[in-house]
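The next block holds one structure in the form of structure tokens; read it before the comments.
Because the structure is a prediction, the values reported are computed rather than measured.
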Amino acid sequence: MSRWLLLAILAGGCGSVTFENQLPGATVENARIQTDDGDVLWLTTAPVLPGGARRVTPGADVEGETGRLVFELVVRGRRAELETTEAFRLDDGARVVLAPDTPVRARLRD
């Protein structure tokens, strides 16, 4: 599977953030936005199957901040924690789409 995945963020106006998994054959778990200030917006702890989506309402403390998508990728029972290499602005109505060409890197634990 490619290490490069496309992250698309499109402003809307629905007052929520939508996360979509467009990775064929891969489940995404524990998806969250980690902001530059250290805040975390959990998008989902439940598995998001290929083609699936979750919607959350961002709290006032993270709205408008920038951050990276952090998630666990599960393919055929194997799991890796990854994060996007590009930061983005977290606004109401944002769509976060994880696709096969979104740039990511392995996340090392302290």
Side-chain angles (χ1 to χ4, degrees):
M1 173 167 279
S2 171
R3 285 181 50 110
W4 299 103
L5 308 166
L6 168 68
L7 178 67
I9 303 188
L10 305 171
C14 62
S16 64
V17 174
T18 301
F19 168 71
E20 297 179 27
N21 174 13
Q22 294 185 357
L23 301 175
T27 299
V28 174
E29 296 180 2
N30 298 314
R32 61 206 179 271
I33 304 297
Q34 185 163 352
T35 69
D36 297 337
D37 294 340
D39 293 326
V40 175
L41 170 64
W42 283 93
L43 300 173
T44 183
T45 55
V48 181
L49 301 174
R54 295 286 187 275
R55 178 176 288 163
V56 298
T57 301
D61 58 334
V62 296
E63 185 177 337
E65 293 191 34
T66 59
R68 299 181 192 280
L69 175 65
V70 179
F71 59 97
E72 292 178 24
L73 184 70
V74 181
V75 178
R76 287 179 252 151
R78 296 184 155 268
R79 177 181 306 268
E81 187 173 44
L82 303 171
E83 69 179 329
T84 59
T85 59
E86 300 174 8
F88 55 91
R89 186 174 169 90
L90 185 62
D91 290 317
D92 278 346
R95 259 181 74 216
V96 179
V97 180
L98 191 57
D101 56 354
T102 303
V104 298
R105 64 180 168 221
R107 186 167 163 98
L108 303 177
R109 297 185 188 236
D110 296 331

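- Across all their heavy atoms, V48 and A53 have their closest contact at CG1-N, 3.9 Å.
- Looking only at distances, no side-chain donor or acceptor of T44 sits under 3.5 Å from a matching main-chain atom of R54.
- No side-chain heavy atom of F71 sits less than 4.5 Å from a side-chain heavy atom of L43.
- Using a 4.5 Å heavy-atom cutoff, the side chains of T35 and T66 are not in contact.
- Qualifying salt bridge (Lys or Arg N to Asp or Glu O under 4.0 Å) partners for E20, counting only residues two or more places apart in sequence or in other chains: R95.
- Within the 4.5 Å cutoff, no side-chain heavy atoms of L49 are placed close to those of N21.
- Atom CG of residue L73 and atom CG of residue L23 lie 6.5 Å apart, to the nearest 0.5 angstrom.
- Once rounded to the nearest 0.5 Å, the distance linking CZ of F19 with CD1 of I33 reads 8.5 Å.
- R32 meets the side chain to side chain contact (heavy atoms under 4.5 Å, CB included) test with N30, V40, W42, V70, E81, R107; sequence neighbours excluded.
- Annotation: side chain of V56 is not in contact with side chain of T18 (no heavy-atom distance under 4.5 Å).
- Residues V75 and A26 approach most closely at CG2-CB, 3.7 Å, considering heavy atoms.
- Sorted pairs that involve residues 42-53 and meet salt bridge (Lys or Arg N to Asp or Glu O under 4.0 Å), not counting sequence neighbours, are lacking altogether.
- Between T27 and P47 the shortest side-chain heavy-atom distance falls below 4.5 Å.
- Annotation: side chain of E83 is in contact with side chain of R105 (closest heavy-atom distance under 4.5 Å).
- The main-chain N or O of T85 is found under 3.5 Å from a side-chain atom of R68 such that the two form a donor-acceptor pair.
- Put simply, the side chain of V28 does not reach to within 4.5 Å of the side chain of V74, judged on heavy atoms.
- At a threshold of 4.5 Å between non-hydrogen side-chain atoms, the residues Q22 and P50 do not count as touching.
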